[in-house]
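Hydrogens, waters and symmetry mates play no part in the numbers below; they use all other heavy atoms, side chains included.
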Amino acid sequence: MIVGAVADLAKHLNMEVVAEGIEDESTLNMVRVLGCDVAQGYFIGKPQPLQSWDLQRGVKQINTRQ
């Protein structure tokens, strides 16, 4: 209930919602349903060296070709 309430509040304030600590698929699916825009955690990706980040954009560059 708390995550859903925070996500609703952020949406009304035109903010993006980031869910942290996503460690399995069921948790990822739950935060999607609750309205989170972005998720991070071990299920999505392990910690990476600074060189793998685009600091101008503030996002990690992910190799999608596998």
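Counting only distance, with no hydrogens or angles, the side chain of Lys46 and the backbone of Tyr42 share a donor-acceptor pair below 3.5 Å.
Between Asp37 and Lys11, the closest side-chain pair of non-hydrogen atoms falls below 4.5 Å. Residues Ile44 and Leu28 are in side-chain contact: their nearest non-hydrogen atoms beyond the backbone lie under 4.5 Å apart. Residues Ile22 and Gln40 form no side-chain contact, since every pair of their non-hydrogen atoms from C-beta on lies 4.5 Å or further apart.
The minimum heavy-atom distance between Val17 and Cys36, with the atom names listed, is CG1-SG, 3.6 Å. The two atoms that bring Phe43 and Glu23 nearest to each other are CB-C, 3.5 Å, heavy atoms only.
Hydrophobic clustering of Ile, Leu, Val, Met, Phe, Trp and Tyr side chains at less than 4.5 Å, counting indirect connections, unites Met30 with Val3.
Using modelled atom types, one finds no donor on one side chain facing an acceptor on the other under 3.5 Å when comparing Asn29 with Ser26.
If you take CG on Asp8 and CG on Leu13, they are separated by 11.0 Å, rounding to the nearest 0.5 Å.
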